S.K.: 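Before anything else, here's the structure in question.
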Amino acid sequence: MEGRILTEDFYRSEDVLQVARALLGKLLVTKMDGVRTSGIITEVEAYRAPDDRACHAYGNRCTARTEVMFRAGGCAYIYLCYGMHHLFNVVTGPEGMAHAVLVRAVEPLEGVEEMLRRRGKKKVQPQLTTGPGVLSQALGLHKDMSGENLLSGERVWIEDIGRKITEHEMGVSPRIGVDYAGESALWPWRFFIRGSKWVKR
DNA sequence: CACCGGATTGGCT
DNA sequence: GCCAATCCGGTGT
């Protein structure tokens, strides 16, 4: 399964909601120590400074951690959540706009043995790659890779494998786990492939 | 199956 | 010091 690596044009759109929807059905790929692992993106959420209270860069607050989000689209923002989970985001938009898409789940495709090993599992089940923390673990994504370039095809990138998700196949809901964010918590910025077993219900 | 608490670290006030 | 874009295992129904 070889697709075309997504380029700048895809990531630098100013419309992060559009990019989030377009990421469904794309293939998230990592290559670590020569081992390729990948999964089809089934669930995402958009985050958008400055107006979105759930976004780490709310109010365009730029810190050592969030600085990556202000870069031009096409790099990874990976941060530590609850002290132990590494959450992978795609930075989008032009330089200076802190927009990002959190990848919440994938359907495993390549390197399943390696993903099972990294997760300490024996069987391929939804819990292997469904959930933002576990998918990062399965693909070997770590916060130390925050800022990694997604355009060069070195360690982590995203491919178009010709899969199109129609409006009918797409589910929409408010984002998960952002209750603290006031009104922003209600915005319908989570997108997923309806009926996929690789999406938590 | 629903509910609940503990894990564990670092970012920010 | 407080709490977070989560996960897992235990308990009770």
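All chains are named by letter (A, B, ...) in the order of the sequence lines, taking the proteins before the strands, and each is independently numbered beginning at 1. Since the model is a prediction, treat every value here as computed from it, not as a measurement.
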S.K.: For A:K26 and A:A22, indicate whether the former's side chain and the latter's backbone hold a donor-acceptor pair under 3.5 Å.
M.R.: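 Between the backbone of A:A22 and the side chain of A:K26 there is a qualifying donor-acceptor contact (under 3.5 Å).
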
S.K.: Quick one: do A:K31 and A:E154 make a salt bridge, cutoff under 4.0 Å?
M.R.: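 Result for this pair is no, no salt bridge flagged.
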
S.K.: Ignoring hydrogens and geometry, is there a side-chain-to-backbone donor-acceptor pair from A:E159 to A:G3 under 3.5 Å?
M.R.: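 Yes, A:E159 side chain to A:G3 backbone: donor-acceptor pair under 3.5 Å.
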
S.K.: Measure from the side chain of A:Y180, starting at C-beta and using heavy atoms only, and say which of C:dC8, B:dG11, C:dA4 lies closest.
M.R.: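 Nearest listed nucleotide: C:dA4.
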
S.K.: Starting from C1' on B:dG10, measure out to NZ on A:K143 and report it in whole angstrom.
M.R.: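 A:K143 atom NZ is separated from B:dG10 atom C1' by 8 Å.
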
S.K.: To the nearest angstrom, how far is A:E45 atom CD from C:dA4 atom P?
M.R.: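 Result: 15 Å.
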
S.K.: Does the side chain of A:R104 get closer than 4.0 angstrom to OP1 or OP2 of C:dT6 through an N or O atom?
M.R.: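 Checking C:dT6 against A:R104, a side-chain N or O does come within under 4.0 Å of OP1 or OP2.
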
S.K.: Figure out the CD/C1' separation between A:Q125 and C:dC8, and round it to whole Å.
M.R.: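 Spelled out: CD on A:Q125 to C1' on C:dC8 is 14 Å.
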
S.K.: Which heavy atom of A:A100 sits nearest a heavy atom of A:M69, and at what distance?
M.R.: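 Looking at all heavy atoms of both residues, the closest pair is CB-CE, 3.7 Å.
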
S.K.: Could you tell me how far apart A:R61 (CZ) and C:dA4 (P) are, to the nearest whole angstrom?
M.R.: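 Whole-Å distance recorded here is 13 Å.
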
S.K.: Heavy atoms within less than 4.0 Å of DNA chain C: which residues of residues 47-57 of chain A have one? Give them sorted by number.
M.R.: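 The answer is A:Y47, A:A54, A:H56.
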
S.K.: Compute the centroid of each ring, for A:H56 and then for A:Y79, and state whether the two points are separated by less than 6.0 Å.
M.R.: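 So the answer is yes for these two rings.
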
S.K.: NZ of A:K200 versus C1' of B:dA2: gap in Å, rounded?
M.R.: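 That distance rounds to 15 Å.
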
S.K.: Should the pair A:R175 and A:Y47 be classed as cation-pi, given the thresholds of under 6.0 Å to the six-membered ring centre and 45° from the axis?
M.R.: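 Yes - A:R175 lies over the ring of A:Y47, closer than 6.0 Å to its centre and within 45° of its axis.
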
S.K.: So is A:R190 actually on top of A:F192's ring, under 6.0 Å and inside 45° of the axis?
M.R.: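 Here A:R190 passes the 6.0 Å and 45° test against A:F192.
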
S.K.: Please report the distance separating the P of B:dG5 from the corresponding atom of C:dC3, rounded so that it comes out in whole Å.
M.R.: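 Taking atom P in both B:dG5 and C:dC3, they lie 16 Å apart.
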
S.K.: Tell me the interatomic distance from A:K121, atom NZ, to C:dC7, atom C1', rounded to whole angstroms.
M.R.: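 About 9 Å, once rounded to whole Å.
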
S.K.: At 4.0 Å (heavy atoms only), tell me whether A:R190 reaches a base, stays on the sugar-phosphate, or touches nothing.
M.R.: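 Here A:R190 touches no strand at all.
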
S.K.: Using both pair distances under 3.5 Å as the test, note the stems of at least 3 consecutive Watson-Crick or G-U pairs that include DNA chain C.
M.R.: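 Stem segments, range with range: B:1-7 with C:6-12, B:9-12 with C:1-4.
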
S.K.: Less than 3.5 Å apart, any donor N or O on the side chain of A:T37 or A:T30 sitting next to an acceptor on the other?
M.R.: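 A:T30 and A:T37 do have a side-chain donor-acceptor pair below 3.5 Å.
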
S.K.: Can you check the A:L87 CG to C:dC7 C1' distance for me, whole Å?
M.R.: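 Rounded to whole Å, this separation is 11 Å.
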
S.K.: Categorize A:R175 for me: base, sugar-phosphate, or nothing, with a 4.0 angstrom heavy-atom threshold over every strand shown.
M.R.: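 Result for A:R175 = nothing.
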
S.K.: So, A:R119 and A:Q137: side-chain donor and acceptor under 3.5 Å apart, yes or no?
M.R.: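 Yes, because at least one side-chain N or O of A:R119 sits under 3.5 Å from a partner of the opposite role on A:Q137.
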
S.K.: If only atom types and distance count, is the side chain of A:E169 paired as donor or acceptor with the main-chain N or O of A:T166 below 3.5 Å?
M.R.: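 Pair found, side chain donor or acceptor close to backbone of A:T166.
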
S.K.: Mark yes when over 12 heavy atoms from residues, nucleotides or ligands other than A:E167 sit less than 6.0 Å from its CD; otherwise mark no.
M.R.: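 Check fails, neighbour count at 12 or below.
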
S.K.: Where do N or O atoms of nucleotides 5-7 of chain B meet protein N or O atoms at under 3.5 Å, pair by pair?
M.R.:
none

S.K.: Distance check needed: B:dT8 P versus A:H86 NE2, whole Å only.
M.R.: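 Spelled out: NE2 on A:H86 to P on B:dT8 is 13 Å.
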
S.K.: Strictly below 4.0 Å, N to O, side chains only: are A:E183 and A:R53 in salt-bridge contact?
M.R.: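 Salt bridge flag = no for A:R53 with A:E183.
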
